[in-house]
Structures are given as C-alpha cells and as structure tokens.
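To start, the structure under review is shown below, and the notes come after it.
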Amino acid sequence: MSIFLRALATALLVTACSDSGGGGGGNTGGTGNAGGAGGGGNASQPGSCMNGGTACSARQFCCADYGGTFKAATVENDCNIAGGTYSPDPCTTESLEASCTLYPGTAAEKTIRFYQGWDQVSQNDPATACSALHGQYAAAPP
C-alpha cells in the first residue's frame, strides 16, 4: 500500500471512530452546494464536512457525510479542527464521482464523497482509495 493510501486510511479511520455518542441513523442522499451548506436537511443526519483535511487528502474535491450515532456537535467540532466547512445538511451530489461508505450499519458509519477532479489532485482514483479503506464503493449514477 502506498504512503498516500496508508495516510488516507489512517485519517479516515481516526475520524470515523472519533464519536461514540447516541444520535440518529445516517442519510447519505440529498443536495447542497460545494461549500457544504444548502439542501434539504434531515434531523436524524448529524451533518457533513466539506473540504476537511481528515476526510480526504484532496480536500477541495471531497466531503464526508456522517451517519451512525455521530452527534451534530461532534461532527461540527471535528470538521472545524480539520479545517473544513461543516453543514447540518448532507454533502452535495453535484459533480459527484463516487462514494465510499465506511462501517455501514454501525455507530461509526461515514460516507466519503469524491467529486470530479479528485483523481487528478490525489493521483489516485476513488475505487482504489475506497478499497484501501475496506469501504463499500459506489460510482455516482450517470
């Protein structure tokens, strides 16, 4: 595994496991804008982090939707620490290339959204990155 993939895997695992609070279930759909604000909102979805450094190495082309039992306050705090933009709404689907769900159905569920341009900046493709994280890969619908 390359150094890049090891670093990405470590950052994602640390972030995904950083909360054990009791929140609601995840919601990985929805719309918003590239800044992470906007969209339909969902009280059971604790929010998303756009451009957060621990969510993705190619920050400007990545967003993380939190699910599981993450609490909104924890997601917002983690996102601020990572230098990202927190939103109570899900990540946007505009320019979405693929998604990678980590720990589906668990308290630590989190879905990383990869946007067009991520490949060029990261020198990697979403499917390979997701595989390295042992996540469930899904290409964006055409």
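Computed from heavy atoms alone, side chains included, the values below leave out hydrogens, waters and symmetry copies.
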Heavy atoms only: give me the nearest Ala98-Tyr137 pair and the separation to one decimal.
CB-CE1, 3.4 Å

Do Ser99 and Arg113 have side-chain heavy atoms sitting under 4.5 Å apart?
yes

Could you tell me which non-hydrogen atom of Pro46 sits nearest to which non-hydrogen atom of Tyr86, and how far apart they are?
O-OH, 2.9 Å

Apply the side-chain contact (heavy atoms from CB on, under 4.5 Å) test between Pro104 and each candidate in Leu102, Thr106, Thr101; give the one that qualifies.
Thr101

If you take all heavy atoms of Tyr66 and Cys49, which pair is closest and at what distance?
CE1-CB, 4.1 Å

How many angstroms lie between atom CG of Asn51 and atom SG of Cys63, to the nearest 0.5 angstrom?
8.0 Å

Taking side chain as C-beta onward, heavy atoms only, is Tyr115 less than 4.5 Å from Leu96?
yes

Please report the closest heavy-atom contact between Val121 and Phe61, naming both atoms and the distance.
CG2-CE1, 3.2 Å

Looking only at heavy atoms, what is the nearest atom pair of Ala64 and Ile112, with distance?
CB-CD1, 3.9 Å

CD of Glu94 to CD of Gln116, rounded to nearest 0.5 Å, is 9.5 Å

Within the side chain of Ser122, is there an N or O that forms a donor-acceptor pair under 3.5 Å with the backbone of Trp118?
yes

Under a 3.5 Å distance rule, please check whether Asn80 uses its side chain to pair with a backbone N or O of Glu76 as donor and acceptor.
yes

Restricting to non-hydrogen atoms, name the atom on Cys91 and the atom on Asp65 that form the minimum distance, rounded to 0.1 Å.
N-OD1, 2.7 Å

Which distance, rounded to the nearest 0.5 Å, do you find between the SG of Cys100 and the NZ of Lys110?
10.5 Å

Listed by chain and number, what are the side chain to side chain contact (heavy atoms under 4.5 Å, CB included) partners of Asp125, not counting sequence neighbours?
Asp119, Ala127, Thr128

Set of residues satisfying side chain to side chain contact (heavy atoms under 4.5 Å, CB included) with respect to Ser131, sequence neighbours excluded
none

